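Model, not experiment: these values are computed from the prediction. Nothing fancy with the numbering, it's 1 onward along the sequence.
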Amino acid sequence: MTRFVIVGTDTNVGKTVFSAALAGALDAFYWKPVQSGLDGETDTMTVARLSGLAAAKLLPEAYRLTTPASPHLAARIDGVTIDVDRLAPPDRAPLVVETAGGVMTPLTEAVSTIDLLARWRLPVILCARTTLGTINHSLLSLEALRRREIPIVGVVFVGEENEDTQRIIAKLSGARALGRLPFVSPLTAETLAATFAAHFRRADFDGVG
């Protein structure tokens, strides 16, 4: 069963756009377990617009929280208690799961995203910026994943080319650099699919999980 979890070094790092590209390339199911913030386009809506997937491939979120904040805080504001037992990955394949925020983002007062990843044991793809600060954030995220023995497929970089940054993250972490997703303009399902095909090897994502 080919299943991936897409995590980020931070929020707004580009993991939703990459999730759309990967899910579209694999014709996969997409699932966002917890959506924080409902004003405007949600992540599932973005993936629907950019992936070309059929509506049936877009699985409903377990929790839809109003406030654009860390899930533990958004849930408290909404008066919702997040039950992590409801956050079991759907029995679908191929499957792309996109988490909220970074690997240490708290889901509740006691459980962070990384605790959920350790429970799932699904292969993780880390999305990282190519801008200043990404070396520290990326290495810390990868170290945290490894300490919990969470399987890592590799790192996807998002942004302008930064060859030395990409090289040193892969060298120091030992994680595979899967490729770089440049900024796409105009950003449409067609341009995103073409960009993904030009910058990534489909074989790196087949038969994983």
Side-chain angles (χ1 to χ4, degrees), residues 4-25 28 30-37 39-51 61 65 67-74 96-107 112-114 116-117 120 122-146 150-170 172-173 175-185 187 191-192 195-196 199-200 204-205:
F4 299 99
V5 182
I6 313 300
V7 303
T9 55
D10 199 354
T11 191
N12 293 326
V13 73
K15 66 182 184 299
T16 300
V17 175
F18 176 75
S19 295
L22 180 60
Y30 168 85
W31 185 51
K32 177 88 174 186
V34 180
Q35 171 68 47
S36 296
D39 286 341
E41 190 173 66
T42 65
D43 290 343
T44 300
M45 293 165 65
T46 298
V47 171
R49 177 170 57 85
L50 296 177
S51 66
E61 304 93 334
L65 306 173
T67 306
S70 174
H72 83 288
L73 177 58
V96 172
V97 180
E98 182 191 353
T99 65
V103 298
M104 300 301 293
T105 296
L107 297 169
S112 295
T113 293
I114 200 163
L116 204 59
L117 300 178
W120 291 349
L122 294 178
V124 165
I125 296 172
L126 179 70
C127 285
R129 295 184 177 91
T130 58
T131 52
L132 186 65
T134 196
I135 295 174
N136 179 68
H137 295 340
S138 299
L139 294 179
L140 285 173
S141 297
L142 291 164
E143 181 175 327
L145 291 167
R146 283 223 169 90
I150 297 166
I152 301 168
V153 180
V155 182
V156 165
F157 296 96
V158 181
E160 301 296 338
E161 182 75 61
N162 191 329
E163 185 176 344
D164 189 73
T165 291
Q166 295 162 216
R167 177 192 63 81
I168 199 65
I169 289 172
L172 294 181
S173 69
R176 185 166 47 140
L178 295 169
R180 179 181 62 88
L181 183 67
F183 297 122
V184 182
S185 181
L187 181 56
T191 58
L192 182 59
T195 302
F196 181 87
H199 288 81
F200 295 90
D204 288 339
F205 305 99

Output all residues satisfying side chain to side chain donor-acceptor pair (under 3.5 Å) with [X], sequence neighbours left out; order by chain, then residue number.
X: T105; answer: none
X: T42; answer: none
X: T191; answer: T188
X: S112; answer: none

Please verify the inter-ring angle class for F196 with F205; under 30° counts as parallel, over 60° as perpendicular, anything in between as tilted.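 It falls in the tilted class, 30° to 60°.
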At what distance, to the nearest 0.5 angstrom, does [atom1] of [X] lie from [atom2] of [Y]?
X: T195; Y: R180; atom1: OG1; atom2: CZ; result: 10.0 Å
X: K32; Y: T46; atom1: NZ; atom2: OG1; result: 9.5 Å
X: R176; Y: I125; atom1: CZ; atom2: CD1; result: 9.0 Å
X: S141; Y: I114; atom1: OG; atom2: CD1; result: 8.0 Å
X: S173; Y: I168; atom1: OG; atom2: CD1; result: 9.5 Å

Would you call [X] and [Y] a side-chain contact if the rule is heavy atoms closer than 4.5 Å?
X: L126; Y: V156; answer: no
X: I152; Y: L142; answer: yes
X: L117; Y: L122; answer: no
X: L107; Y: L116; answer: yes
X: V124; Y: I6; answer: no

Looking at [X] and [Y], what are the two nearest heavy atoms and their distance?
X: V5; Y: T99; answer: CG1-CG2, 3.6 Å
X: V96; Y: A28; answer: CG2-CB, 4.1 Å
X: L65; Y: P71; answer: CD1-O, 3.8 Å
X: A100; Y: T113; answer: O-OG1, 3.9 Å
X: F200; Y: L181; answer: CZ-N, 3.8 Å

Partner set under ring-ring contact (aromatic ring centres under 6.0 Å, His included) for F157, not counting sequence neighbours: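 Listed in chain order: nothing, the list is empty.
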What verdict does the side-chain hydrogen bond (donor to acceptor under 3.5 Å, both in side chains) test give for E61 and T44, after you've listed the backbone C-alpha separation in whole Å, the side-chain angles of each residue and the deciding distance to 0.1 Å? CA-CA 8 Å; E61 304 93 334; T44 300; 3.2 Å; yes
Is there a side-chain contact (heavy atoms from CB on, under 4.5 Å) between I150 and W120? Walk through the geometry before answering. CA-CA 9 Å; I150 297 166; W120 291 349; over 6 Å; no
Looking at residues at least two apart in the chain, or sitting in another chain, which of them share a side chain to side chain contact (heavy atoms under 4.5 Å, CB included) with T67?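 Side chain to side chain contact (heavy atoms under 4.5 Å, CB included) list for T67, sorted by chain: A69, A74, I77, D78.
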Determine all donor-acceptor pairs shorter than 3.5 Å in which one atom belongs to a side chain in residues 131-139; sequence neighbours excluded.
| unit_1 | atom_1 | unit_2 | atom_2 | d |
| --- | --- | --- | --- | --- |
| T134 | OG1 | R129 | O | 2.6 |
| T134 | OG1 | S138 | OG | 3.3 |
| S138 | OG | T134 | O | 2.7 |

Using residues 12-20 as the side-chain source, report each donor-acceptor pair under 3.5 Å to any protein atom, sequence neighbours left out, with the distance given to one decimal.
| unit_1 | atom_1 | unit_2 | atom_2 | d |
| --- | --- | --- | --- | --- |
| T16 | OG1 | D43 | OD1 | 3.4 |
| T16 | OG1 | E98 | OE1 | 3.3 |
| T16 | OG1 | E98 | OE2 | 2.5 |
| S19 | OG | K15 | O | 2.7 |

Output all residues satisfying salt bridge (Lys or Arg N to Asp or Glu O under 4.0 Å) with [X], sequence neighbours left out; order by chain, then residue number.
X: E41; value: R49
X: D39; value: none
X: E163; value: none
X: R146; value: none

For T130 and Q166, does a side-chain donor sit closer than 3.5 Å to a side-chain acceptor?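 There is no such pair between these side chains.
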Indicate yes or no for a side-chain donor-acceptor contact from S70 to the backbone of P106 under 3.5 Å, with no hydrogens or angles considered.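 Answer holds: yes.
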